[in-house]
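Chain letters run A, B, ... following the sequence lines, proteins first, then strands; residues in each count from 1. What you see below is based on every heavy atom in this structure, not just the backbone, and it leaves out hydrogens, waters and symmetry mates.
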Amino acid sequence: MALDRTDHYPFREIETKWQRVWEETGLFRVREEPGRPKFYCLEMFPYPSGRIHMGHVRNYAIGDAITRYKRMRGYNGLHPMGWDAFGLPAENAAIDNGVHPAVWTYENIATMKAQMKALGISYDWDREVATCDPEYYRWEQLIFVRMFERGLAYRKSARVNWCPGCQTVLANEQVEAGRCWRCDSEVVTKDIESWYFKITEYAEELLEWCDRLPGWPERVLTMQRNWIGKSEGAEFDLPVAGRPGLALRVFTTRPDTSFGMTYAVLAPEHPLVAQLITGPEEGAAVAAFQAEVARETEIERLATDRPKRGLRLQARAVNPFNGAELPLFLADYVLMGYGTGAIMAVPGEDQRDWDFAEAHGLPIIETVQRPPGWTGQAYMGDGVKINSGFLDGLTVAEAKRKAIDWLVGQGLGVAKVNYRLRDWGISRQRYWGAPIPIVYCPSCGTVAERPERLPVVLPQDVQITGKGGSPIADVPGFVNTTCPRCGGPARRETDTMDTFVDSSWYFLRFCSPQHVGGLADADAVHYWMPVDQYTGGIEHAILHLLYARFYTKVLRDLGYFKLDEPFQNLFTQGMVVKDGAKMSKSKGNVVSPDDFIVTYGADTGRVFELFMAPPEKDLEWSDQGVEGAFRFLNRVWRFFQSHRAALGGAAPRPGDLSAPGRAFRRTVHETIRRVTTDIEEFHFNTAISALHELVNATHVYATESLDRAAAEERASLLAESIDTLVRLLAPFAPHLAEELWEKLGRRESVFRASWPVADPAALERDAVQVVVQVDGRVRTRLVVSPEIAEDRLRTEALADEKVRPWLQAREVARVVVVPGRLVNIVTRGSGTPT
RNA sequence: GCCGAAGUGGCGGAACUGGCAGACGCGCACGUUUGAGGGGCGUGUGGGGUAACCCGUGGGGGUUCGAGUCCCCCCUUCGGCACCA
């Protein structure tokens with residue numbers, strides 16, 4: 001049942017008023033103040049897709065609560081916002097509606113910025129950046145140039161999704177069940193020349209630093225470690241039988257199992273395959289197999305619940321450990337992109353090899369002693385080596401070392417560390433992205449653009465059809481240029497950069513967004529960085545966060561900044577769902593922030609989203625929950641209105657308060673303590689419930705009848721309570737708090753006021769409740785002094801009249817006393833109480 | 001298939017390091033204010049039982065004086081994934 005809102009607090013006037021005041025006074029504008037502690041709070045900047053949704057609101061409400069809290073604790077709080085403005089949806093809008101991507105993007109930015117302002121998030125809007133602004137991407141192009149000079153950016157062939165209908169490259173998301181999402185053509189793979197960043201060069205450092213990021217969720221670090229995928233082992237050659245000089249290089253993490261190899265496998269794309277074909281008949285079979293595998297996606301090739309496809313070649317490989325000749329296969333489960341693209345197969349100690357061997361009738365040799373009863377599958381555990389020549393009797397670890405030593409000694413192989421991480425392909429054959437600043441010169445070759453000629457500006461006047469190559473390839477004024485080195489006629493690169501590049505350094509630009517001398521002012525970066533709190537969705541746990549870490553290290557090594565890691569603390573928030581599903585237009589379960597703000601106000605939205613679930617978990621949208629949050633703020637407002645006149649008087653004197661006064665004051669200071677630790681630990685839901693309790697307790701205290709002395713002290717205690725409540729409420733409902741603060745007669749913003757500190761004297765208790773159990777069951781509760789001696793408490797518990805019946809005809813075996821908490825009387829015997 | 005997280009009232013969720021399970025909110029019921037509705041205020045609200053009490057944190061075992069919390073097995077749900085040699 002919806003509320004009749006004639007009686008609600010005037011949130012609209014309040015929110016508009018304070019948003020204006022904040023803007024006019026520049027309250028959230030910050031600059032470096034050397035010597036003052038800083039707090040850089042950042043939410044992942046959004047893609048300007050059209051309108052913000054409740055997931056954004058949740059993200060910003062979290063970041064804003066933290067920033068405002070930290071400011072009240074005296075930190076110089078940087079809280080910037082910008083736009084991850086390049087990307088595919090803008091091009092799709094252009095194709096579907098004929099609107100230019102730039103127009104579409106900037107319109108969306110204007111809309112979303114207005115929405116954010118209506119939420120009253122405390123951003124320093126002077127620092128706003130959009131990645132599609134040439135003043136932003138010129139520095140990205142400069143970084144590219146420096147990376148190219150260092151060999152960290154290079155070109156190689158890449159396999160892409162190709163739509164023969166549109167004659168264009170497709171992103172994974174544009175491929176639906178193997179078909180183009182636009183024209184429904186069957187998608188094929190195609191190799192094209194692409195630009196790459198050598199992130200693999202940083203694999204080891206990125207991995208090592210995973211152990212030095214205690215402020216990151218462990219599960220994110222685990223995902224990053226697994227993505228980097230370090231494995232240690234050996235790389236060596238398997239000679240091809242009867243083909244001197246020809247060998248397959250294989251990588252293995254289990255060189256100790258080499259005596260157990262019963263076949264070998266090449267990835268179907270392996271360049272050696274062509275040389276191994278013995279005749280036209282086999283050539284045709286191989287080509288057919290390769291075509292078959294090319295149709296499989298990598299996900300399919302890596303799926304466990306489908307049979308592994310294989311094609312046996314006539315050529316045979318030789319096991320260098322014992323000279324055995326082995327069958328040689330092409331198989332889909334071996335990928336060219338990992339290791340050497342060829343493996344020795346040891347079915348005894350690898351389950352994938354076991355499955356393949358069983359399907360193809362290949363022998364299985366056990367090289368590790370099985371535990372008793374082990375049967376029917378590969379054994380990957382430790383044990384004593386068997387059937388392994390000179391490795392017999394060793395443990396797996398010993399045998400690994402010895403096998404590697406042997407390979408090295410024989411000159412056959414090397415110890416090798418391998419990473420699953422691949423270099424980062426950044427070329428996109430698309431329009432709406434930052435141009436790659438490279439020029440192809442007939443005489444000088446591939447040349448980086450000269451820094452003083454940057455930015456290479458994306459031309460505006462293009463036709464976007466979704467067909468053919470990059471639209472800027474058809475703009476002669478863009479493509480035709482002069483060589484930065486020799487000045488002769490040359491051609492520009494027409495690929496643009498992956499938008500993940502744009503978002504890999506924006507947090508640095510926020511430190512000095514108008515800086516014209518480079519990507520960011522070093523002093524500003526050294527003052528503000530690292531980001532103290534980064535908050536966003538778990539979907540970015542790997543790619544964005546890994547790329548940003550990589551970029552930070554690259555910029556350090558290029559000499560720009562002394563900074564190893566960009567994000568000190570990371571928080572990954574849960575999704576906002578409705579009816580159990582993620583909000584989306586197609587499901588029709590979207591709740592619009594605009595409607596919401598009109599009906600309830602921004603403060604209610606924030607309080608609801610922070611209160612209804614712990615922030616790391618999914619939040620189920622609930623209209624009734626919203627009503628609850630709205631009711632709470634109205635209650636605060638009403639209470640304030642009716643008791644304002646009764647506030648004031650001297651500050652409470654803790655020493656000579658009446659008993660109810662002391663009890664009430666303890667509640668106030670307990671709330672300070674709870675809300676403070678809860679915010680520090682991201683428990684916003686329990687912080688807000690503590691505020692509920694404070695409001696309830698204040699209401700009871702204000703209306704209960706007291707004797708005259710107690711009633712006189714009430715005004716000053718209520719004043720302290722209300723003052724505290726307003727400050728504690730400020731991070732969650734900033735507009736309302738600001739309004740009440742002003743009504744309390746304060747001239748400065750509540751965000752310039754200090755965060756309250758709990759008075760230890762007020763927290764002291766003169767009595768505690770102790771639970772008394774008999775055999776673990778609660779029988780009574782005693783109210784005692786907190787300093788009561790242990791044996792006195794024991795005696796009182798044993799003598800209690802509620803306890804005694806439970807001890808009749810039973811013997812007390814022992815008494816467990818937990819001071820200040822409980823007494824548990826443990827008995828022995830058969831008597832039961834009568 | 002593997003890895004990770006989580007299963008607590010009618011619902012969202014609390015519960016520090018093993019110490020009163022269910023804070024706070026929603027919903028519901030009754031009362032009160034009101035011409036009425038809405039709203040406000042008050043009381044109650046895990047299940048069973050007149051009561052004393054008993055039973056209760058996905059299921060089953062275990063450790064412990066004491067388990068939502070720790071250990072083992074199982075079930076379910078949700079996330080992530082890379083058959084990575």
Rounded interatomic separation in angstrom, taking CZ from A:Arg821 and C1' from B:rU17: 9 Å
Pairing stems for RNA chain B [at least three consecutive pairs; Watson-Crick or G-U; under 3.5 angstrom]: B:1-7 with B:75-81, B:10-12 with B:24-26, B:27-33 with B:39-45, B:46-48 with B:53-55, B:58-62 with B:70-74
Candidates B:rG19, B:rG13, B:rA85 - which lies nearest the side chain of A:Gln773: B:rG19
Gap between atoms CE and C1', on A:Met575 and B:rA5 respectively (whole Å): 14 Å
Nearest-neighbour nucleotide for the A:Phe251 side chain, B:rC24, B:rA85, B:rC54 considered: B:rA85
Enclosure of A:Glu681 CD (heavy-atom neighbours >12, cutoff 6.0 Å): yes
Sugar-phosphate, base or nothing in reach of A:Arg777, heavy atoms under 4.0 Å: sugar-phosphate
N or O in side chain of A:Arg638 less than 4.0 angstrom from B:rC41 OP1/OP2: yes
A:Trp227 to A:Arg420 - nearest heavy-atom pair and separation: O-NH1, 3.1 Å
Contact summary for A:Phe329 and A:His360, nearest pair of heavy atoms: CE2-CD2, 4.0 Å
Any A:Asn685 side-chain N or O less than 4.0 Å from OP1/OP2 of B:rA14: yes
A:Asp350/A:Arg254 ion pair, N-O < 4.0 Å: no
Sugar-phosphate, base or nothing in reach of A:Phe356, heavy atoms under 4.0 Å: nothing
Nucleotide B:rC28, atom C1' - distance to CD of A:Gln624 in whole Å: 11 Å
Sugar-phosphate, base or nothing in reach of A:Gln769, heavy atoms under 4.0 Å: base
A:Asn696 side chain near B:rA23 phosphate (N/O to OP1/OP2, under 4.0 Å): no
Sorted by number, the residues of residues 340-347 of chain A with heavy-atom contact under 4.0 Å to RNA chain B: A:Ile343
Touch class at under 4.0 angstrom, heavy-atom based, for A:His683 against every strand present: nothing
Distance between C1' atoms of B:rU8 and B:rA14 (Å, rounded): 10 Å
